[in-house]
Amino acid sequence: MPTGEAPVRIDVITIFPAMIEQFGGQSLIGKARERGLLDLRVHDLRSVTVDPHRSVDDTPFGGGAGMVLMPEPVFATVEAVDPPRPLLGLGPSGRPLDQAFARELSGLDGFTLVCGRYEGIDHRVRAHLLDGEVSIGDYVLAGGEVAAMVVLETVGRLVPGVMGNASSAEEESFSDGLLEYPHYTRPASFRGWDVPEVLRSGDHARIAAWRRAQALHRTVALRPDLIAARGGLTDADRRLMAEHPPVD
Ligand code: JF5
């Protein structure tokens, strides 16, 4: 356990600091902060504004609907705070967040998330201030804050020492590009649906083989793109799947 090691620092720049502070005080992230594993710092874009209305948005050049996040408050915040790099915007044009990207981020000393709002952020922020952009999926949010929370939770749980059980972050779904095997707890029989016998057999090798086969069956059925990304099924995979038919 890396107690005494420097925490991973994550800064978030937003016009809704309370949203991120509230989230970051809870559960996994809150405990990681208390334990000194994560150093989360939230910066209010409005705190650098000087006009009486504390404006952060303006109408788009060229016309069109909605408002655009102005460059000045974003540049001023970054220049006042000097937050950790890379400085990453959130938005659908970014690099898709996946488990491998999250693992990369969890291995850094720190990074900063910039939450956009309105119809978009002035392009000069992207062109001359950001180091990159992160997308959490192909859909449009009203602002980057919810996406920042997704990044915080996904990355936070991978920071060494954050998860209670050190192995559970590794053993989960996507750790080898497959979906999770089915999980069961008591009762052994629920409304006539029984827990598979193999899981109560105490035969740990057979349980491991069954779980791997179920993960393969589920991934083939639900996410064939993930099977393709691993280069297809091996002969060993096919043999295991034939030996252990899918549940349900
Ligand atoms: C955002 C301007 C950013 O909508 C998103 C998003 C979608 N996938 N990943 C992130 O970000 C919010 C809204 C408006 C910039």
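Whatever order the structure lists them in is the order used to number ligands and atoms, beginning at 1. The figures that follow rest on heavy atoms only: side chains count, while hydrogens, waters and symmetry mates do not.
The single protein non-hydrogen atom nearest to atom 8 (N) of ligand 1 is Gly137 O, 3.0 Å, given as residue, atom name and distance. Scanning all protein heavy atoms for the shortest distance to atom 3 (C) of ligand 1 gives Leu90 O, 3.1 Å. Here the protein heavy atom with the shortest distance to atom 5 (C) of ligand 1 is Pro92 CD, 3.6 Å. Considering only non-hydrogen protein atoms, atom 14 (C) of ligand 1 sits nearest to Tyr118 O, 3.4 Å.
With Thr49 contributing its side chain and Arg46 its backbone, the two residues share a donor-acceptor pair below 3.5 Å. Judged by distance alone, the side chain of His217 and the main-chain N or O of Met241 form a donor-acceptor pair under 3.5 Å. With hydrogens and angles disregarded, a donor-acceptor distance shorter than 3.5 Å links the side chain of Asp131 to the backbone of Leu87. Between the side chain of Thr14 and the backbone N or O of Phe16 there is at least one donor-acceptor pair closer than 3.5 Å. Not one N or O on the side chain of Ser135 forms a donor-acceptor pair closer than 3.5 Å with the backbone of Arg95. Using a distance-only test at 3.5 Å, with no hydrogens or angles considered, a donor-acceptor pair links the side chain of Arg35 to the main chain of Gly161.
Of all the atoms in ligand 1, the ones that sit under 4.0 Å from a non-hydrogen atom of Ser135 are 8 (N), 9 (N). Under a 4.0 Å criterion applied to the non-hydrogen atoms of Gly120, ligand 1 contributes the atoms 2 (C). For ligand 1, the atoms lying closer than 4.0 Å to a non-hydrogen atom of Tyr139 are 7 (C), 8 (N).
Both the backbone and the side chain of Ile136 come within 4.0 Å of ligand 1, judged by heavy-atom distances.
Closest heavy-atom contact between Arg124 and Pro71: NH2-CG, 4.2 Å.
Checked against a 3.5 angstrom limit, the closest N/O atoms of Ala142 and ligand 1 fall outside it.
Which of Val146, Leu141, Val140 comes nearest to atom 13 (C) of ligand 1 through a heavy atom is settled by distance: it is Leu141.
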